[in-house]
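Contents: one structure, followed by commentary.
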Amino acid sequence: MKAFTYERARTPAEAAAAVARTPGAKFIAGGTNLLDLMKLQIETPRHLIDVNGLNLDEIEKTSDGGLRIGALVRNTDLAADARVRKDYAVLSRALLAGASGQLRNKATTAGNLLQRTRCPYFYDTAQPCNKRQPGSGCSAIGGVSRQLAVIGSSDACIATHPSDMAVAMRVLDATVETVRADGQARRIPIADFHRLPGTTPHIETVLLPGELITAVTLPKPVGGFHTYRKVRDRASYAFALVSVAAIVQKDGRGRAAFGGVAHRPWRVEAAEAAMPSGAKAVADQVFTGAKPTHENAFKLTLAARTLAGALAEARA
Amino acid sequence: MTARVSIEVNGAKQKLELDTRTSLLDALRENLKLTGTKKGCDHGQCGACTVIVDGRRINSCLTLAVMHEGARVTTIEGLGTPEAMHPMQAAFVKHDGYQCGYCTPGQVCSAVAVLEEIRAGVPSHVTPDLGDRPKVTPEELRERMSGNICRCGAYSNIVDAMTEVAGSRA
């Protein structure tokens with residue numbers, strides 16, 4: 001691990017300004033992904049700003065009947081919150097499907113959104129990777145790609161976003177609240193938060209340098225049946241091959257977002273009108289324009305079947 | 001580059017001056033010579049380094065020691081001794097919950113915390129209804145222990161040990 005200096009931040013605005021003005025600085029909260037990457041020298045910050053003391057660890061009601069989740073709320077606490085379990089069960093289920101108990105105790109809401117891909121070529125510093133080293137090439141294209149993206153990818157990158165939580169937040173129309181280095185707050189719809197790889201796969205979100213996530217807000221509950229179905233190579237503690245976050249109403253209408261298939265949680269709202277017609281009708285529209293590799297084309301069938309499972313569960 | 005940190009480990013206050021890069025795991029093992037906590041993968045995948053910090057189990061390899069100012073850390077040495085074992089340690093011995101023993105300190109710390117999590121009502125991936133309190137079932141214990149790998153494959157005996165400890169408390 002490369003050497004770095006360390007400080008504890010006192011306010012969000014101060015933390016944001018400090019990262020923006022200090023070359024090579026990064027925030028650290030749970031640290032479960034950042035430190036892993038620092039040990040491999042994939043991340044090499046020269047200065048760490050510890051934001052754990054910023055009092056952003058509350059879950060509170062918003063004035064419009066929704067929920068504001070502080071950036072530092074741990075995954076365990078968010079999944080176990082009585083309001084989340086009752087009104088946003090898809091979020092509890094997504095969180096509980098991810099990582100291990102030890103990791104969920106440390107990992108934060110904001111850090112979960114910002115975690116980096118688990119593409120094996122991103123992790124292998126002996127191989128070219130446009131995300132790790134812009135311009136070096138993509139080893140995954142033509143390589144082992146079973147786990148990787150089937151849609152929204154580019155000639156530069158076919159990595160997926162690994163989060164389960166973010167897929168549920170996408171289906172819940174969450175909003176990411178931030179403070180920028182100049183002290184200005186802004187609200188970013190989750191749909192706009194993660195970028196597609198395009199020609200710059202190393203830029204994964206729309207956050208500006210130093211911009212700090214302070215909270216994620218959820219709109220007021222939409223009711224319905226909530227489920228998160230995750231298909232993976234092991235029964236526990238593995239990343240998704242395909243996952244579906246779904247909310248289904250009694251009349252068969254609903255919404256669905258997919259994980260494990262793209263560089264960001266994948267949701268096509270226009271396709272959701274087909275929900276009463278069944279999973280295949282939805283999936284055909286959601287995955288229009290998909291460009292799977294020969295190794296991961298199975299994900300298209302799997303995604304439709306996983307959604308079918310979710311819809312069957314909702315009807316049962 | 002160094003920084004100072006004060007951590008309470010197994011009830012004893014420790015003042016340390018550490019390279020900022022020092023993981024909590026390395027601080028425990030290398031600086032405090034508490035070698036019960038084991039380094040397996042050093043990437044949060046195996047759980048051998050599991051310790052209990054402020055009542056919660058974490059991977060001590062994936063956190064910096066300097067991030068734990070004022071924290072209370074319990075390691076395997078703080079749970080029990082060979083003369084006065086923690087009930088979970090005694091149950092692991094009784095049920096053969098290990099073979100080579102390398103993962104055992106992490107397994108035991110995790111197991112103790114898992115029973116607390118269930119008691120506190122924290123749900124898991126296999127909890128059937130999020131509106132109910134989770135129960136101590138083999139399925140719950142297996143899911144909750146999935147972050148602790150045992151290369152010797154003592155899993156079913158670990159579940160037996162945990163079940164016995166959970167039952168004796170009820």
Side-chain angles (χ1 to χ4, degrees), chain A residues 1-8 28-40 45-48 50-53 74 76-77 79-82 84-107 123 164 226 228 230 234-238, chain B residues 1-5 18-24 41-47 49-71 106 109-110 113-114 117 120-127 129-132 134 139 142-149:
Chain A
M1 195 186 295
K2 297 283 188 192
F4 56 85
T5 48
Y6 169 87
E7 71 172 282
R8 297 185 186 103
I28 187 164
T32 52
N33 187 218
L34 180 58
L35 287 165
D36 183 27
L37 294 169
M38 285 169 65
K39 289 181 185 197
L40 299 165
R46 284 147 63 188
H47 185 64
L48 283 184
D50 183 343
V51 295
N52 283 291
R74 308 289 152 169
T76 298
D77 296 318
D81 184 89
V84 176
R85 285 158 77 170
K86 179 172 169 285
D87 293 327
Y88 306 97
V90 64
L91 180 55
S92 276
R93 286 295 184 195
L95 283 158
L96 295 171
S100 66
Q102 289 96 317
L103 291 168
R104 290 192 298 271
N105 279 341
K106 262 283 169 206
Y123 267 76
D164 294 297
H226 288 220
Y228 186 78
K230 179 175 180 179
R234 293 189 299 257
S236 183
Y237 198 17
Chain B
M1 291 171 226
T2 63
R4 287 167 204 267
V5 64
L18 300 167
D19 186 307
T20 52
R21 290 173 288 188
T22 311
S23 66
L24 179 59
C41 68
D42 210 26
H43 285 279
Q45 297 170 5
C46 76
C49 69
T50 302
V51 299
I52 301 171
V53 177
D54 295 328
R56 302 178 144 216
R57 57 182 171 139
I58 64 167
N59 299 114
S60 62
C61 73
L62 281 189
T63 193
L64 298 170
V66 294
M67 292 165 69
H68 291 277
E69 178 65 34
C109 285
S110 203
V114 160
E117 286 164 17
V122 174
S124 85
H125 176 61
V126 300
T127 306
D129 186 336
L130 288 176
D132 292 342
E139 197 186 15
R142 287 196 185 102
E143 160 61 24
R144 290 169 194 265
M145 292 296 286
S146 70
N148 291 85
I149 308 301

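Order of the sequence lines sets the chain letters (A, B, ...), proteins ahead of strands, with each chain counted from 1.
- Pairs engaging residues 58-69 of chain B under the side-chain hydrogen bond (donor to acceptor under 3.5 Å, both in side chains) rule: B:Thr63-B:His68 [sequence neighbours left out].
- Both the backbone and the side chain of B:Thr20 come within less than 4.5 Å of a heavy atom in chain A.
- At least one donor-acceptor pair closer than 3.5 Å links the side chain of B:Asn148 to the backbone N or O of B:Gly47.
- Most heavy-atom pairs under 4.5 Å with chain B: of the set A:Gly53, A:Ala82, A:Ser236, this distinction falls to A:Ser236.
- In this structure, chain A has no heavy atom under 4.5 Å from any part of B:Asp19.
- Top candidate by heavy-atom pairs under 4.5 Å with chain B, chosen from A:Gly101, A:Ala99, A:Ala89, is A:Gly101.
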Between B:Thr50 and A:Gln102, is the side chain to side chain donor-acceptor pair (under 3.5 Å) condition met? List the steps. CA-CA 7 Å; B:Thr50 302; A:Gln102 289 96 317; 2.9 Å; yes
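- Side-chain atoms of B:Ser23 do not come within 3.5 Å of backbone N or O of B:Cys61 as any donor-acceptor pair.
- Residue B:Asp54 does not touch chain A at all, counting heavy-atom pairs closer than 4.5 Å.
- Within the 4.5 angstrom heavy-atom criterion, only backbone atoms of A:Ala29 (N, CA, C, O) approach chain B.
- Side-chain atoms of A:Tyr6 come within 3.5 Å of backbone N or O of B:Val66 as a donor-acceptor pair.
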Go through the steps to decide whether A:Phe4 and A:Ile28 satisfy the test side-chain contact (heavy atoms from CB on, under 4.5 Å), and finish with yes or no. CA-CA 12 Å; A:Phe4 56 85; A:Ile28 187 164; over 6 Å; no
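- Contact annotation for A:Leu95: neither backbone nor side-chain heavy atoms come within less than 4.5 Å of a heavy atom of chain B.
- With a threshold of 4.5 angstrom between heavy atoms, A:Arg234 does not approach chain B through any atom at all.
- Contact count against chain B (heavy-atom pairs under 4.5 Å) is highest for A:Arg8 among A:Lys86, A:Arg8, A:Lys2.
- Taking the side chain as every heavy atom from C-beta outward, A:Lys230 and B:His125 never approach each other to under 4.5 Å.
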Under 3.5 Å, side-chain donor or acceptor atoms of residues 30-37 of chain A against the rest of the protein: list the pairs with distances, not counting sequence neighbours.
{"from": "A:Asn33", "atom 1": "OD1", "to": "A:Arg116", "atom 2": "N", "distance (Å)": "2.9"}
{"from": "A:Asp36", "atom 1": "OD1", "to": "B:His43", "atom 2": "ND1", "distance (Å)": "2.3"}
{"from": "A:Asp36", "atom 1": "OD2", "to": "A:Tyr123", "atom 2": "OH", "distance (Å)": "3.2"}

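- Looking at B:Thr2, neither its backbone nor its side chain comes within 4.5 Å of chain A, counting heavy atoms on both sides.
- For A:Ala79, the part sitting under 4.5 Å from any heavy atom of chain B is the backbone (N, CA, C, O) and nothing else.
- Comparing B:Glu143, B:Arg21, B:Met1 by heavy-atom pairs within less than 4.5 Å of chain A, the highest count is held by B:Arg21.
- A:Asn52 touches chain B through its side chain: at least one heavy atom from C-beta onward sits under 4.5 Å away, while N, CA, C and O do not.
- Judged purely by atom type and a 3.5 angstrom limit, A:Lys39 uses its side chain to pair as donor or acceptor with the backbone of B:Asp42.
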